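As structure tokens, the structure follows; a few thoughts come after it.
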Amino acid sequence: MHGEYKVPGGKLVVVDLDAADGVLRNVRVAGDFFLEPDEAILAVDRALEGAPADTGASGLAARIDAALPPGAEMFGLTTEGIGVAVRRALAHATDWTDYDWQLIHEPARSPALHMALDEVLTAEVAAGRRPPTLRVWEWGAPAVVIGSFQSLRNEVDAAAAARHGIEVVRRISGGGAMFIEPGNTVTYSLSVPAALVQGLSFADSYAFLDDWVLGALGDMGIKAWYQPLNDIATEAGKIAGAAQKRVVAGGGAVLHHVTMAYDIDADKMTEVLRIGREKLSDKGTRSAKKRVDPLRRQTGLPREAVIERMIESFRSRYGLSEGRVTEEETAAAEHLAGAKFGTHEWTARVP
């Protein structure tokens with residue numbers, strides 16, 4: 001069995017192993033990481049040899065920690081990352097490069113239709129009728145997108161939203177509210193087979209699916225990192241938030257979508273969103289306006305150039321062919337937008 005895992009902010013870990021009689025055998029750990037002293041790699045392999053095959057990543061990490069020689073140092077590598085690579089091998093996880101990725105970047109859609117497209121396209125990936133897909137959104141109207149479990153009245157000032165012509169929609173994933181203005185926002189979705197994140201914890205899957213965009217931002221001169229559970233941050237502040245939804249039907253799939261602030265009208269945002277002190281208490285800042293630092297200021301690039309560089313960065317890593325939403329997918333999404341995402345019943349399902 002073969003498993004790979006790129007440590008967030010670090011290097012690639014590769015594990016090859018067998019499993020016999022419920023334990024790990026013939027374990028070999030490799031990768032482009034740095035480890036001192038040289039013989040420490042043998043200690044890592046020995047620590048994993050004979051481990052029960054149902055040991056979790058943290059338990060495997062503990063075995064390695066106990067076996068490393070005194071003074072051993074890891075660079076671009078963690079014992080937890082090795083444990084995750086082992087779990088991915090045992091789960092027969094796939095890798096990004098195992099797939100023919102498709103790009104969808106089409107003209108602007110309404111907020112409700114975007115919500116519906118996420119659900120439809122991810123279900124199609126789960127059913128095996130669509131390849132893994134990167135969809136870059138173009139917004140047809142300003143919006144507030146609230147998480148699946150958020151209270152509508154606690155998150156949004158309805159009068160302020162109406163005054164500014166802002167539509168409120170609810171997505172199928174959890175997480176917090178997002179303030180959207182078409183020219184000021186970069187949003188994308190990944191609809192991926194469940195096999196891509198096999199062996200990863202829920203939290204680890206966020207870092208794993210965000211890793212490519214951290215590289216894309218780095219190519220634009222932005223030092224960014226994944227900030228648990230679902231933020232992308234820089235020294236200047238948060239620039240993006242992610243959310244996920246798991247689909248269990250068919251072969252299973254994961255929807256992972258990210259909204260990034262290219263620019264932001266902070267005064268309007270704080271009028272429309274009810275951002276409470278409790279939410280800000282663990283963010284190290286007293287002002288919601290200071291929590292988000294837009295891409296425009298950090299890159300100096302037009303929004304279109306930021307999107308193009310992100311797409312090219314993904315393409316250079318994993319390959320990416322041009323695609324489109326099919327007529328059947330469009331019809332299904334339009335129906336779902338009208339019957340679900342555009343209705344008050346859905347938007348106010350948590351009043």
Side-chain angles (χ1 to χ4, degrees), residues 1-19 23-91 93 95-97 196-236 238 242 282 284 313 317-318:
M1 285 172 273
H2 178 87
E4 298 185 1
Y5 179 63
K6 185 178 182 300
V7 176
K11 299 292 186 176
L12 182 69
V13 183
V14 181
V15 176
D16 291 285
L17 56 82
D18 298 317
V23 299
L24 307 185
R25 297 296 185 197
N26 304 316
V27 182
R28 293 294 179 268
V29 176
D32 60 353
F33 50 79
F34 301 92
L35 177 61
E36 295 290 345
D38 191 74
E39 60 269 19
I41 191 65
L42 301 178
V44 171
D45 292 344
R46 286 194 298 266
L48 296 172
E49 192 73 22
D54 60 356
T55 307
S58 60
L60 295 169
R63 289 177 68 103
I64 299 169
D65 287 332
L68 284 172
E73 294 190 65
M74 294 181 169
F75 304 92
L77 176 67
T78 64
T79 55
E80 182 80 16
I82 297 171
V84 171
V86 170
R87 296 310 312 166
R88 283 176 60 75
L90 292 166
D95 187 62
W96 295 86
T97 54
L196 184 62
V197 297
Q198 287 294 334
L200 298 177
S201 68
F202 190 78
D204 285 339
S205 72
Y206 272 83
F208 181 74
L209 294 175
D210 280 339
D211 188 69
W212 74 273
V213 81
L214 300 185
L217 291 169
D219 294 342
M220 288 182 269
I222 299 177
K223 182 181 179 181
W225 58 86
Y226 162 72
Q227 184 168 294
L229 171 65
N230 62 334
D231 288 348
I232 296 174
T234 70
E235 292 180 354
K238 172 182 171 179
D282 65 343
S313 183
R317 285 168 167 78
Y318 311 125

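Worth saying up front: this structure is predicted, and the values here are computed from it rather than measured. For the numbers below, each heavy atom of this structure counts, side chains included, while hydrogens, waters and symmetry mates do not.
Residues L90 and A53 approach most closely at CD1-O, 3.4 Å, considering heavy atoms. Listed here is the closest heavy atom pair of D95 and T97: OD2-OG1, 3.0 Å. Closest heavy-atom contact between A224 and I232: CB-CG2, 4.1 Å. In this structure, F34 and K11 approach most closely via the heavy-atom pair CE1-CE, 4.1 Å. Shown here for R87 and G199, the closest heavy-atom pair between the two residues is CB-O, 3.6 Å. Summarising the geometry of Y5 relative to P8, their closest heavy-atom pair is OH-CD, 3.4 Å, with the distance given to 0.1 Å.
When the ring pair (Phe, Tyr, Trp, His ring centres under 6.0 Å) test is applied to F208, the partners found at least two apart in sequence or on another chain are W96. Applying the side-chain contact (heavy atoms from CB on, under 4.5 Å) rule to D18 yields the partners R25, N26; only residues at least two apart in sequence or on another chain are considered. Applying the side-chain hydrogen bond (donor to acceptor under 3.5 Å, both in side chains) test to R317 and every residue at least two apart in sequence or in another chain returns S313.
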Please report the C-alpha distance between V15 and L48 in whole Å, then the side-chain angles of each, then the deciding distance to 0.1 Å, and finally whether the side chain to side chain contact (heavy atoms under 4.5 Å, CB included) criterion is met. CA-CA 11 Å; V15 176; L48 296 172; 5.5 Å; no
Assess the residue pair E235 and W225 against the criterion (side chain to side chain contact (heavy atoms under 4.5 Å, CB included)); give the C-alpha distance rounded to whole Å, side-chain angles, the decisive distance to 0.1 Å, and a yes or no. CA-CA 9 Å; E235 292 180 354; W225 58 86; 3.8 Å; yes
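Looking only at distances, a side-chain donor or acceptor of R88 sits under 3.5 Å from a matching main-chain atom of L196. Counting only distance, with no hydrogens or angles, the side chain of D32 and the backbone of L12 share a donor-acceptor pair below 3.5 Å.
Applying the salt bridge (charged side-chain N to carboxylate O under 4.0 Å, His left out) test to every pair with at least one member in residues 199-214, sequence neighbours left out, gives these pairs: K6-D211. Judged as a salt bridge (charged side-chain N to carboxylate O under 4.0 Å, His left out), not a single pair has a partner in residues 41-50 (not counting sequence neighbours).
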Which atom pairs, donor and acceptor, lie under 3.5 Å between side-chain atoms of residues 57-82 and protein residues at least two apart or in another chain?
from : atom 1 : to  : atom 2 : distance (Å)
R63  : NE     : A47 : O      : 2.8
R63  : NH2    : A47 : O      : 3.2
D65  : OD1    : T79 : OG1    : 3.2
T78  : OG1    : G81 : N      : 2.8

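Taking CG of D38 as the start and CG of L35 as the end, the distance is 8.0 Å to the nearest 0.5 Å. To the nearest 0.5 Å, atom CG of residue N230 and atom CZ of residue F202 are 9.0 Å apart.
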